[in-house]
Amino acid sequence: ITVQTIRDLDATSFSSDELCHLVYEIFLSLKLPPELFITVQTIRNFILAVRELMFDRNPYHNWYHVVDVTQTVFALAHQTGLMGKLTPWDRFALLTSAMCHDLE
């Protein structure tokens, strides 16, 4: 996945499952080091849990909004050079925060 391919993403044009895969690819692109002890399965489970909590509960703050915010933060962090200046934990925290900012 590249910033170019997600810069103009319209989250509503994809299925819920496709959006899960997109967010998964965004997290994988961070290349989180093993010392963070965050497994691929943990990332998958986290994404699915957020989707479950946000899917269709609100006309605006829903799963599509979560993906839109997450991919926007990801793209902006890359385009501004911020992503390259962050530690692995900070990159993970940035995207996790983007995903969870409206969880209740």
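The figures that follow rest on heavy atoms only: side chains count, while hydrogens, waters and symmetry mates do not. Note that this is a predicted model, so its numbers are computed, not measured.
- The hydrophobic clustering, which links ILVMFWY residues whose side-chain heavy atoms are closer than 4.5 Å, places Leu94 and Leu28 together.
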- Message: Working note: Arg51 + Asp17, criterion side chain to side chain contact (heavy atoms under 4.5 Å, CB included); need CA distance, chi angles, decisive distance, verdict.
- Response: CA-CA 9 Å; Arg51 178 179 69 169; Asp17 289 338; 2.6 Å; yes
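- Here Leu32 contributes atom CG and Trp89 contributes atom CH2; the two are 8.5 Å apart, rounded to the nearest 0.5 Å.
- At distances below 3.5 Å, at least one donor-acceptor pair connects side-chain atoms of Asn62 with backbone N or O atoms of Pro59.
- Side-chain contact check for Ile38 versus Phe46: every heavy-atom pair is 4.5 Å or farther apart.
- A donor-acceptor pair under 3.5 Å is formed between the side chain of Ser29 and the backbone N or O of Ile26.
- Nearest heavy-atom pair across Met99 and Val23 is SD-CG1, 3.6 Å.
- With hydrogens and angles ignored, the 3.5 Å screen pairs a side-chain donor or acceptor of Thr72 with a backbone N or O of Asp68.
- A perpendicular orientation is assigned to the rings of His65 and His61, their planes being inclined by more than 60° (bins at 30° and 60°).
- Glu18 CD to Ser13 OG: the interatomic distance, rounded to the nearest 0.5 Å, is 8.0 Å.
- Contact between Leu103 and Leu53 at its shortest, heavy atoms only, is CD2-CB, 3.8 Å.
- Closest heavy-atom contact between Leu36 and Pro88: CD1-CB, 3.8 Å.
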- Trace of the side chain to side chain contact (heavy atoms under 4.5 Å, CB included) decision for Phe27 with Leu30: CA-CA 5 Å; Phe27 271 91; Leu30 298 179; 4.2 Å; yes
- Check against side chain to side chain contact (heavy atoms under 4.5 Å, CB included), Asp90 and Lys85: CA-CA 9 Å; Asp90 291 337; Lys85 297 175 183 175; over 6 Å; no
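- Taking NE2 from His101 and OG1 from Thr70, the interatomic distance works out to 8.0 Å, rounded to the nearest 0.5 Å.
- Grouping the Ile, Leu, Val, Met, Phe, Trp and Tyr side chains by contacts below 4.5 angstrom, directly or via other members, places Ile43 apart from Leu48.
- Interatomic distance, Leu19 CG to Phe14 CZ, rounded to the nearest 0.5 Å: 7.0 Å.
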- Report the C-alpha separation of Asp102 and Val66 in whole Å, then their side-chain angles, then the decisive distance to 0.1 Å, and conclude whether the side chain to side chain contact (heavy atoms under 4.5 Å, CB included) test is met. CA-CA 8 Å; Asp102 283 323; Val66 168; 5.9 Å; no
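- The two atoms that bring Trp63 and Cys20 nearest to each other are CZ2-SG, 3.7 Å, heavy atoms only.
- Under the ring-ring contact (aromatic ring centres under 6.0 Å, His included) criterion, Phe37 pairs with no residue, sequence neighbours left out.
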